[in-house]
*Asks:* 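Dropping a structure here in structure tokens format, bear with me for questions.
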Amino acid sequence: MKENQLYIQQQQFEKLKDLGVHLRQLREQQSVSLDDVAAKTRIQARLLKAIEEARMEELPEPIYIQGFIKQYASALGLNGKEFSKDFPTPRYVLPSIRPYWQHFSGTQLRPVHLYLLYVFIIFCSVNGLSYLLNRSVVQANNIQGYQQRSPQQSAVKAKEIQITSLEKLGPVLPDTTTKLASNGKPVRVGVTLKAPSWLRVVADGKTLFEGDLPKGAQLSWGADEQLTVRAGDAGNVLVAVNDGKAEKMGAPGKVKEVTFGAKSRS
């Protein structure tokens with residue numbers, strides 16, 4: 001058994017080495033960086049590099065390695081499913097499990113047991129129905145209370161919900177365009193997302209935000225000298241510089257990085 005496992009590990013290493021070299025060569029031919037592939041596949045660049053260099057000790061279980069190879073190959077235009085099939089993964093056969101109740105003979109299931117089971121089912125059903133009814137009453141009361149609010153109270157509540165949602169995205173998200181303008185930053189950049197996208201924002205050499213943003217997010221950042229925005233899907237990210245007209249960063253589905261200076265856009 002141990003010899004068979006060592007043989008499989010050796011086969012995985014040899015195949016990963018061949019696949020990794022092929023992926024690296026294809027990536028370099030397309031002039032694509034590891035960061036670009038990482039942004040497109042949501043796989044960390046260090047793991048992609050470990051695949052290229054066949055460093056299995058830095059990678060997770062073989063089944064996950066095969067999934068990474070599939071996404072990596074697809075990002076370079078290959079048939080990821082077919083390409084990743086060459087990486088061997090062990091197949092496990094689960095033993096058949098006999099249901100617990102089958103261990104008991106028919107003579108042990110007496111009428112009293114069935115009666116207790118019936119009572120238990122009725123008890124659970126009643127409690128579940130009571131919970132659902134109570135929940136419906138609470139929701140109805142909440143809706144009624146919301147409808148009885150004045151328009152001013154509703155607007156204030158909506159504003160509080162919006163601020164709370166933005167704060168969950170990170171410490172830099174509550175910075176609105178109005179706030180940045182009052183701070184007098186020479187470079188002010190606002191973004192609006194038409195679809196979900198990965199985003200990284202660097203101001204004066206400091207990373208202010210990096211992560212996924214949902215559709216409809218509207219955020220702004222400021223910098224003293226320059227501000228760089230890198231998007232995983234440039235076609236769905238609208239950028240407005242210094243309160244100017246919002247424009248698309250680039251083509252849909254493409255990774256693009258744009259740097260904005262105090263008086264120019266590059």
*Asks:* Using a 4.5 Å cut-off between side-chain heavy atoms of Ile, Leu, Val, Met, Phe, Trp and Tyr, which other residues end up in the same hydrophobic cluster as F13?
*Replies:* L16, L19, L23, L26, V32, L34, V37, I43, L47, L48, I51, M56, L59, I65, F68, I69, Y72, L76, L78, F83, F87
*Asks:* Go through R42 and D212 one step at a time and tell me if the side chain to side chain contact (heavy atoms under 4.5 Å, CB included) criterion holds.
*Replies:* CA-CA 10 Å; R42 310 292 175 82; D212 295 324; 3.2 Å; yes
*Asks:* Side chains of R55 and K49: closer than 4.5 Å at any heavy-atom pair?
*Replies:* yes
*Asks:* Using atom types as modelled, flag every donor-acceptor pair under 3.5 Å from a side chain in residues 230-240 to any protein atom, sequence neighbours excluded.
*Replies:*
| from | atom 1 | to | atom 2 | distance (Å) |
| --- | --- | --- | --- | --- |
| R230 | NH1 | E257 | OE1 | 3.0 |
| R230 | NH2 | D36 | OD1 | 2.2 |
| D233 | OD1 | G253 | N | 2.6 |
| D233 | OD2 | N236 | ND2 | 2.8 |

*Asks:* Considering only heavy atoms from C-beta outward, does the side chain of R188 approach that of D243 to under 4.5 Å?
*Replies:*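 Yes; the side chains approach each other to less than 4.5 Å.
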*Asks:* Do the non-hydrogen side-chain atoms of K248 and K194 ever get within less than 4.5 Å of each other?
*Replies:* yes
*Asks:* Looking at E82, I want to see if its CD is surrounded by more than 12 non-hydrogen atoms of other residues, nucleotides or ligands under 6.0 Å.
*Replies:*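 Yes, enclosed.
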*Asks:* Atom OG in S74, atom NZ in K40: separation rounded to 0.5 Å?
*Replies:* 9.5 Å
*Asks:* For K15, does its backbone N or O pair with a side-chain atom of D86 as donor and acceptor, under 3.5 Å?
*Replies:*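 Not confirmed, D86 side chain does not pair with K15 backbone.
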*Asks:* Could you pull out the closest heavy-atom pair between S220 and G190, with the gap in Å?
*Replies:* OG-CA, 3.6 Å
*Asks:* Using the side chain to side chain contact (heavy atoms under 4.5 Å, CB included) rule, take E210 and V201 through it: C-alpha gap first, then chi angles, then the decisive distance, then the call.
*Replies:* CA-CA 6 Å; E210 181 175 2; V201 180; over 6 Å; no
*Asks:* Can you find a heavy atom in the side chain of S197 that is under 4.5 Å from one in the side chain of L213?
*Replies:* no
*Asks:* Any donor and acceptor pair, going by atom type alone, linking the side chain of D204 with main-chain N or O of A223 inside 3.5 Å?
*Replies:* no
*Asks:* Between Q66 and S84 (side chain of the first, backbone of the second, donor and acceptor by atom type, cut-off under 3.5 Å), is there such a pair?
*Replies:* yes
*Asks:* How far apart are the closest heavy atoms of E58 and R46, and which atoms are they?
*Replies:*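 Closest approach of E58 to R46, heavy atoms only: O-NH1, 4.2 Å.
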*Asks:* With a 4.5 Å cut-off on side-chain heavy atoms, are Q12 and I8 touching?
*Replies:*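 A side-chain contact under 4.5 Å exists here.
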*Asks:* Look only at the side chain of K256 and the backbone of G250, and say whether a donor-acceptor pair between them is shorter than 3.5 Å.
*Replies:* no
*Asks:* Show your reasoning for whether side chain to side chain contact (heavy atoms under 4.5 Å, CB included) applies to L199 and V229.
*Replies:* CA-CA 7 Å; L199 211 67; V229 179; 4.1 Å; yes
*Asks:* Side-chain heavy atoms nearer than 4.5 Å, only ILVMFWY residues, links allowed to pass through others: does that put V258 and F209 together?
*Replies:* yes
*Asks:* Where do N242 and P186 come nearest, in terms of heavy atoms and distance?
*Replies:*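 Heavy atoms only, the tightest pair is OD1-O, 3.5 Å.
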*Asks:* Give the intermediate values and the outcome of salt bridge (Lys or Arg N to Asp or Glu O under 4.0 Å) for residues R27 and E52.
*Replies:* CA-CA 10 Å; R27 177 179 63 79; E52 291 185 351; 2.8 Å; yes
*Asks:* Does any part of the side chain of V189, heavy atoms only, come nearer than 4.5 Å to the side chain of F260, both counted from C-beta?
*Replies:*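 In contact.
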*Asks:* Other members of the hydrophobic cluster containing V255, with the 4.5 Å side-chain heavy-atom rule, please.
*Replies:* none
*Asks:* Taking atom types as modelled, find out whether Q29 and Q25 have a side-chain donor-acceptor pair closer than 3.5 angstrom.
*Replies:*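 No, no side-chain donor-acceptor contact under 3.5 Å.
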*Asks:* Taking all non-hydrogen atoms of both residues into account, name the closest pair between A38 and A45 and its distance.
*Replies:*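 Of all heavy-atom pairs spanning A38 and A45, the closest is CB-N, 4.0 Å.
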